[in-house]
Protein chains: 2
Amino acid sequence: MNLLTRKLENFAPLGNDDKSFLDELVRKNRMFERGKDIILEGDAPDNVHLILDGFACRYKLTSNGERHIMAYLVPGDFRDLHIAILKEMDHSVGTLSPCQVVDIPSSIIENLTERPGLMRALWWATLVDEAILREWLVNIAQREAPQRLAHLFCELLLRLNAVELTTMEGFELPITQSELADTPGLSAVHVNRSLQMLRADGLIELKDRNLLILDPHRLMEFSGFNPNYLHLFDRAGRH
Amino acid sequence: MNLLTRKLENFAPLGNDDKSFLDELVRKNRMFERGKDIILEGDAPDNVHLILDGFACRYKLTSNGERHIMAYLVPGDFRDLHIAILKEMDHSVGTLSPCQVVDIPSSIIENLTERPGLMRALWWATLVDEAILREWLVNIAQREAPQRLAHLFCELLLRLNAVELTTMEGFELPITQSELADTPGLSAVHVNRSLQMLRADGLIELKDRNLLILDPHRLMEFSGFNPNYLHLFDRAGRH
DNA sequence: CGTACTATTGATAGATATCAACGCTGGTGG
DNA sequence: CCACCAGCGTTGATATCTATCAATAGTACG
């Protein structure tokens, strides 16, 4: 089963017909190196992009030369369904690690009316993306640095778990501390210190781009994490 | 012309047929007092809500009892098209001032396929909402308190101008400083001081719930405001 | 082997929160 | 009519968090 199917089935099971449609869709993809831009602010949106492998991000550069990351795109995530409606991008999208990306002509998305189940699933993904943005806003505004990072880790754990990219202990987090810092609006130095705090508390280990979550339950409690905004299907009974 | 039409025509002109459809849609509305909830986190989404008059907001309550406002809903704004897909709300929506609200059954939204122009306009509105969220994220993360407020004011100026709710000098901002503080993640005290700074610099006046923007150009420059994310139709030639 | 990037540590400065108090205003009830 | 009260805006003093600056060490890589 391909990654997109895996993700979308967190909303609702898809028919075999839709699944093979997605399999076909995902066939043609291309690689981006780490640190490359997929599209730049100001560009006219072209295709819809789907991340199949690797971490990408939405970001903006501010007037003072800082970069701010506004979203992580992990495998299974889209870069804006329906973006073709807008004349130009208001942000850039770039890779944080080597990425495998599928270009989907927007016409394909627009002609999905005869696949209502799939369309609903894509809608779900869009709504969740927006919910994540809202949660990030709260995260930055209300929590202190160690909690912010912990909250982000909890989210990534669930999102990556939804596409089965986690192990028992954690997941690969292929980004630098400095990139991590651009996400919740912290300085790289402060991120470093906050990580040490989390390590000292026995909550996580982070080494060689690998994040081990030692005690998920305690990490969620520590950061005030409530997974409701991810709107994940309860997969308790899944096999 | 009704307010929704006014707003959507910032994307593209609508046909007369679509306009009268919207007129009809907007007919049945109800009033909410200030400080009432339209829907609560955890509720099952029912209708789509459209604000016709007044200020409402999306908000969440955090574990420490703080409220964080994640979006302002001003006249012409929707509360989540397609929200019916999700089982429960991940945030609440409440009024900041007395509000006139239209309930739109989600079935009406889902059956818009025969009005492609209108559908595209609604898509545009949704994409702009998401872009605003991203910009707020950058705003909180990267700017200092006075700039954050200034940026917010610039945005509201353009958004309210798009529905012709601004005067030459400014607009009505029917919220308290404490509510204002819950928006960019500041304390009420610090908001108060930041406002005084903006006043002292001759950038704004704020009295009796009325915000005067004394020098829009300088305010935008001061806050590093770039309107591109609002994706407003260039109305220079409008009559 | 040098170079660039990344992670780390210490010291200091700056921004913002918190706590506490006070005045103003509008509404309410005696 | 007046006293009282609650909500809002304001001010001052202090504490806390986070950024910034600077330096060092480890690491990957050509």
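First the proteins, then the strands, lettered A, B, ... as listed; each starts at 1.
Here D:dG9 presents its C1' atom at 16 Å from CG of B:L211, a figure rounded to the nearest Å. Atom CZ of A:R143 and atom P of D:dC17 are 17 Å apart (whole Å). Taking atom CG on A:L195 and atom P on D:dT18, their separation rounds to 13 Å, with Å as the unit. Distance, A:E144 CD to D:dC17 C1': 7 Å, rounded to whole Å.
Neither side chain, B:E172 nor B:N210, offers a donor N or O lying under 3.5 Å from an acceptor on the other. Side-chain contact of A:T166 with A:N161: a donor-acceptor pair under 3.5 Å is present, judged by distance alone. Side-chain contact of B:N192 with B:Q177: a donor-acceptor pair under 3.5 Å is present, judged by distance alone. A donor atom on one side chain and an acceptor atom on the other are found under 3.5 Å apart for B:E41 and A:N228. Neither side chain, B:D129 nor B:T126, offers a donor N or O lying under 3.5 Å from an acceptor on the other. Side-chain contact of A:E135 with B:H91: a donor-acceptor pair under 3.5 Å is absent, judged by distance alone.
Expressed to the nearest 0.5 Å, how far OG1 of B:T95 lies from CE of B:M31 amounts to 9.0 Å. Annotation: the span from A:L3 atom CG to A:T5 atom OG1 amounts to 8.5 Å, rounded to 0.5 Å.
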Evaluate B:K28 against B:D103 for salt bridge (charged side-chain N to carboxylate O under 4.0 Å, His left out), listing each step before the verdict.
CA-CA 8 Å; B:K28 251 198 347 240; B:D103 297 309; over 6 Å; no
Pair B:D201, B:R218 - check salt bridge (charged side-chain N to carboxylate O under 4.0 Å, His left out), show working.
CA-CA 10 Å; B:D201 281 355; B:R218 207 150 59 82; 5.9 Å; no
Go through the steps to decide whether A:D80 and B:E130 satisfy the test side chain to side chain contact (heavy atoms under 4.5 Å, CB included), and finish with yes or no.
CA-CA 10 Å; A:D80 282 336; B:E130 208 175 313; 3.9 Å; yes
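Interface residues of residues 132-142 of chain A facing DNA chain D, ordered by number: none; criterion, heavy-atom separation under 4.0 Å.
In terms of phosphate contacts, B:Q196 brings a side-chain nitrogen or oxygen within less than 4.0 Å of OP1 or OP2 of D:dT11. Contact check, A:R209 against D:dT27: no side-chain N or O comes under 4.0 Å of OP1 or OP2.
Looking only at side-chain heavy atoms (C-beta outward), A:L219 and A:C154 come within less than 4.5 Å of each other. Residues A:L156 and A:Y72 have side chains in contact (heavy-atom distance under 4.5 Å, counting atoms from C-beta outward).
Qualifying side chain to side chain contact (heavy atoms under 4.5 Å, CB included) partners for B:T176, counting only residues two or more places apart in sequence or in other chains: B:R34, B:S178, B:E179, B:R209.
On the nucleic acid side, DNA chain C contacts chain A at distances under 4.0 Å to non-hydrogen atoms, with the end points of that region at C:dT6 to C:dA11.
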Can you pull every protein N or O that's under 3.5 Å from an N or O on nucleotides 28-30 of chain D?
none

N/O contacts under 3.5 Å, protein versus nucleotides 19-26 of chain D?
| from | atom 1 | to | atom 2 | distance (Å) |
| --- | --- | --- | --- | --- |
| D:dA19 | OP1 | A:G185 | O | 3.3 |
| D:dA19 | OP1 | A:S187 | N | 3.1 |
| D:dA19 | OP2 | A:S187 | N | 3.0 |
| D:dA19 | OP2 | A:S187 | OG | 3.0 |

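Atom CD of B:Q196 has more than 12 heavy atoms from other residues, nucleotides or ligands within 6.0 Å.
Axis angle across the helix from C:dC1-D:dG30 to C:dG30-D:dC1, with five pairs used at each end and values rounded to 10°: 30°.
B:L50 pairs with exactly one of B:L4, B:V101, B:L73 by the side-chain contact (heavy atoms from CB on, under 4.5 Å) rule, that one being B:L4.
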